[in-house]
K.L.:
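Here's a structure for you.
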Amino acid sequence: MPVLDWTLLLKLKEMFNSKFGSIPKFYVRAPGRVNIIGEHIDYCGYSVLPMAIEQDVLIAVEPVKTYTLQLANTNPLYPDFSTSANNIQIDKTKALWHNYFLCGLKGIQEHFGLSNLTGMNCLVDGNIPPSSGLSSSSALVCCAGLVTLTVLGRNLSKVELAEICAKSERYIGTEGGGMDQSISFLAEEGTAKLIEFSPLRATDVKLPSGAVFVIANSCVEMNKAATSHFNIRVMECRLAAKLLAKYKNLQWDNVLRLEEVQAKLGISLEEMLLVTEDALHPEPYNPEEICRCLGISLEELRTQILSPNTQGVLIFKLYQRAKHVYSEAARVLQFKKICEEAPENMVQLLGELMNQSHMSCQDMYECSCPELDQLVDICRKFGAQGSRLTGAGWGGCTVSIVPADKLPSFLANVHKAYYFTRGKQSLLLPNLEAGFGSFLEA
């Protein structure tokens, strides 16, 4: 169970009373996360290696006898929202903060097949930097799911909650995997986690004691629900999986993830990279070529395979995306193996894997940006053994592995080289946090 900041809870209680004229009955918390390695591969079916961070979303809640859901936020940038608890509508065309709450609520409502929900007053607080790649939106979805579950008086396992929230976040329009929700619910204090899927499970990964993982914010915001960048990558991976399956004479129609192709073939990740070399070409594919390869019409491609906001895409880089996914999946397993074996040059080896990951994200997945690349270079220059973007990319944060004895000079030099001219300081030293929590008002 996470340690509570009672001063913060008291302040939130007072703000709730000022807003709604009553006191909350309980509080729900869900942490953000940093993904140490394994970028853009959870939705392809592969394991990832995140850890929860102390920055979190906290919601004060009061169930009410009306059927009205009232949402307020301690941040004045996010306006109040009110709706009927029994008529939840999520507008995918607008990336509004309250839609993430509605995703979590709707997921629990649909899981139990409920048509009538009691109303509630909710005041949302949080200190995860928004659109930073540290999972502020997923933490809100998870919080909302737990709020709804608590109000209903129902019980679910952590795994069930994670799976429901991962599925329900897609109501916002992003075709994400389940990493963010899984670590939010399955995190434990003092350890990172290897998160595996189908079935969902989490394994402790002990990180090196002689190094510190430092998060640095590029100060470039990227809301993945507000653009099609993220969903285009998901669709490119889906198309690559189908073309690889067709090339190997597999039943490709129902294949959605690159991991499924490997599993059906029963070969290693290294062998999948060789298959990718043989089956796909580095030049971009257009929709017509994909249709010829699969023997389908353009209409079938658009309506049966592509998501709504990728149906107009004219170029798909299938070779590059598959190469990244299979190599990144291998790096995750290598990272875990090094942590288990703990050789003397452990920090150096882990850093090399993180550097390789960033290069792949930069060149093969094309999800970096000039500011992230600059920040990664600065972090490496001033003592990081490895540094890479973390989260969806196109902005957001980097994560670096820094020898503990170099930490003070690292922080000072990175601040001077990157943040001084921007007038901001955005370096975080994440603790290995526990996951979600629910607390009754005393």
K.L.:
Minimum heavy-atom separation for Asn35 and Arg388, please, with both atom names.
P.N.:
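Shortest heavy-atom separation between Asn35 and Arg388 comes out as O-NH1, 3.0 Å.
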K.L.:
Taking all non-hydrogen atoms of both residues into account, name the closest pair between Val220 and Trp394 and its distance.
P.N.:
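Scanning both residues, the minimum pair turns out to be CG1-O, 4.0 Å.
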K.L.:
Please tell me if the side chains of Thr390 and Thr398 come closer than 4.5 Å, counting only heavy atoms from C-beta onward.
P.N.:
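The answer is no, as the side chains (C-beta and beyond) never meet within the 4.5 Å cut-off.
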K.L.:
What is the distance from atom SG of Cys339 to atom CD1 of Ile36, rounded to the nearest 0.5 Å?
P.N.:
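Taking SG in Cys339 and CD1 in Ile36, the distance rounds to 7.5 Å.
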K.L.:
Around atom CE of Met359, are there more than 12 heavy atoms from other residues, nucleotides or ligands closer than 6.0 Å?
P.N.:
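Counting other residues, nucleotides and ligands, CE of Met359 stays at 12 neighbours or fewer.
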K.L.:
Side chains of Glu271 and Ser268 only: does a donor on one sit below 3.5 Å from an acceptor on the other?
P.N.:
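The criterion, which ignores hydrogens and geometry beyond distance, is satisfied for Ser268 and Glu271.
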K.L.:
For Pro287 and Leu314, work out which heavy atoms get closest and say how close.
P.N.:
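Closest heavy-atom pair between Pro287 and Leu314: CD-O, 3.3 Å.
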K.L.:
Could you state the interatomic distance from CG (Leu102) to CD1 (Ile90), rounded to the nearest 0.5 Å?
P.N.:
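Between atom CG of Leu102 and atom CD1 of Ile90 there are 5.5 Å.
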K.L.:
Write down the atom of Pro343, the atom of Ile338, and the distance for their closest heavy-atom approach.
P.N.:
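Minimum heavy-atom contact is CD-O, 3.5 Å.
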K.L.:
What I want to check is whether the side chains of Thr310 and Asn231 have a donor and an acceptor closer together than 3.5 Å.
P.N.:
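Distance-only check fails for Thr310 and Asn231.
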K.L.:
Nearest 0.5 angstrom please: Glu236 CD to Glu366 CD, how far?
P.N.:
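Reported to 0.5 Å precision, the distance equals 8.5 Å.
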K.L.:
Run Glu175 and Arg170 through salt bridge (charged side-chain N to carboxylate O under 4.0 Å, His left out) and show every step you take.
P.N.:
CA-CA 6 Å; Glu175 299 283 336; Arg170 295 174 194 143; 5.4 Å; no
K.L.:
Between the main-chain N or O of Ile195 and the side-chain N or O of Arg201, is there a donor-acceptor pair closer than 3.5 Å?
P.N.:
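Here the side-chain-to-backbone pair does not exist.
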K.L.:
How about Gln55 and Asn127: does a side-chain donor come under 3.5 Å of a side-chain acceptor?
P.N.:
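No - no donor-acceptor pair under 3.5 Å links their side chains.
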K.L.:
Where the side chain of Thr174 meets the backbone of Gly176, is there a donor-acceptor pair that is under 3.5 Å apart?
P.N.:
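No; judged by distance alone, with no hydrogens or angles, the pair does not exist.
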K.L.:
Examine the side chains of Asp80 and Gln70 and answer whether a donor and an acceptor come within less than 3.5 Å of each other.
P.N.:
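No, no side-chain donor-acceptor pair sits under 3.5 Å.
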K.L.:
Check the pair Leu96 / Tyr78 against side-chain contact (heavy atoms from CB on, under 4.5 Å), numbers first and verdict last.
P.N.:
CA-CA 8 Å; Leu96 301 172; Tyr78 304 121; over 6 Å; no
K.L.:
Quick check: do Pro24 and Val61 have side-chain heavy atoms less than 4.5 Å from each other?
P.N.:
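No. Closest side-chain heavy atoms not under 4.5 Å.
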K.L.:
Measure from the side-chain N and O atoms of Ser327 to the backbone N and O of Lys323, and report whether any donor-acceptor pair falls under 3.5 Å.
P.N.:
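Confirmed, Ser327 side chain pairs with Lys323 backbone.
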K.L.:
Below 30° counts as parallel, above 60° as perpendicular, anything between as tilted: where do the rings of Phe230 and His40 land?
P.N.:
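If you compare the ring of Phe230 with that of His40, the planes turn out tilted.
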K.L.:
Quick check: does any side chain N or O of Trp97 sit under 3.5 Å from a backbone N or O of Leu77, one acting as donor and the other as acceptor?
P.N.:
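Looks like no, no N/O pair under 3.5 Å.
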K.L.:
Check whether Tyr171 forms a cation-pi arrangement with Lys92 (NZ or CZ under 6.0 Å from the six-membered ring centre, at most 45° off the ring normal).
P.N.:
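Lys92 over Tyr171 ring: no.
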K.L.:
Hey, are Glu260 and Arg257 close enough for a salt bridge, meaning a charged N less than 4.0 Å from a carboxylate O?
P.N.:
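A salt bridge is present here (some side-chain N lies under 4.0 Å from a carboxylate O).
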K.L.:
Starting at CG of Asn217, measure out to OG of Ser131 and round the result to the nearest 0.5 Å.
P.N.:
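Asn217 atom CG to Ser131 atom OG measures 10.0 Å (nearest 0.5 Å).
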K.L.:
If only atom types and distance count, is the side chain of Asn345 paired as donor or acceptor with the main-chain N or O of Gln348 below 3.5 Å?
P.N.:
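Flag not set: sc Asn345 to bb Gln348 has no pair under 3.5 Å.
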K.L.:
Determine, for Lys336 against Glu340, whether the closest basic-nitrogen to carboxylate-oxygen distance falls under 4.0 angstrom.
P.N.:
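Yes, Lys336 and Glu340 are salt-bridged.
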K.L.:
So, His324 and Gln362: side-chain donor and acceptor under 3.5 Å apart, yes or no?
P.N.:
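There is no such pair between these side chains.
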K.L.:
Do Asn355 and Arg380 have a side chain donor and acceptor closer than 3.5 Å?
P.N.:
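A donor-acceptor contact under 3.5 Å links the two side chains.
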K.L.:
Show the numbers, then the answer: is there a side-chain contact (heavy atoms from CB on, under 4.5 Å) between Leu244 and Thr276?
P.N.:
CA-CA 7 Å; Leu244 288 170; Thr276 301; 4.1 Å; yes
K.L.:
Could you tell me the separation between the CZ atom of Phe382 and the CG atom of Asp377, rounded to the nearest 0.5 Å?
P.N.:
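Reported value, rounded in 0.5 Å steps: 11.0 Å.
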K.L.:
Is it true that Ser138 and Glu169 share a donor-acceptor pair across their side chains at a distance under 3.5 Å?
P.N.:
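Looking only at side-chain atoms, Ser138 and Glu169 do form a donor-acceptor pair, the distance falling under 3.5 Å.
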K.L.:
Quick check: are there more than 12 heavy atoms from other residues, nucleotides or ligands sitting under 6.0 Å from CD1 of Ile315?
P.N.:
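No - once you tally the heavy atoms of other residues, nucleotides and ligands closer than 6.0 Å, there are 12 at most.
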K.L.:
Does some side-chain heavy atom of Tyr43 sit less than 4.5 Å from a side-chain heavy atom of Arg233?
P.N.:
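Side-chain contact under 4.5 Å: yes.
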K.L.:
Please check: side-chain N/O of Asn99 versus main-chain N/O of Lys94, any donor-acceptor pairing under 3.5 Å?
P.N.:
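Present.
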K.L.:
Looking at Lys11 and Asp125, is there a salt bridge between them, counting it only when a charged N and a carboxylate O are closer than 4.0 Å?
P.N.:
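No, Asp125 and Lys11 are not salt-bridged.
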K.L.:
Under a 3.5 Å cutoff, is there a donor and acceptor pairing between the side chains of Ser157 and Glu160?
P.N.:
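A donor-acceptor contact under 3.5 Å links the two side chains.
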K.L.:
Got Asn73 and His98 here, is their nearest side-chain heavy-atom distance under 4.5 Å?
P.N.:
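Result no, sub-4.5 Å side-chain heavy-atom pair not found.
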K.L.:
Report the C-alpha separation of Tyr27 and Lys13 in whole Å, then their side-chain angles, then the decisive distance to 0.1 Å, and conclude whether the side-chain contact (heavy atoms from CB on, under 4.5 Å) test is met.
P.N.:
CA-CA 9 Å; Tyr27 305 87; Lys13 178 180 177 179; 3.3 Å; yes
K.L.:
Tell me, do Tyr247 and Asp278 make a side-chain contact under 4.5 Å, heavy atoms counted?
P.N.:
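In contact.
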K.L.:
I need the Ser360 OG to Gln356 CD distance, nearest 0.5 Å.
P.N.:
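With rounding to 0.5 Å, OG (Ser360) is 9.5 Å from CD (Gln356).
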K.L.:
Within the 4.5 Å heavy-atom criterion, are Val325 and Tyr46 side-chain neighbours or not?
P.N.:
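Heavy-atom side-chain distance check passes, below 4.5 Å.
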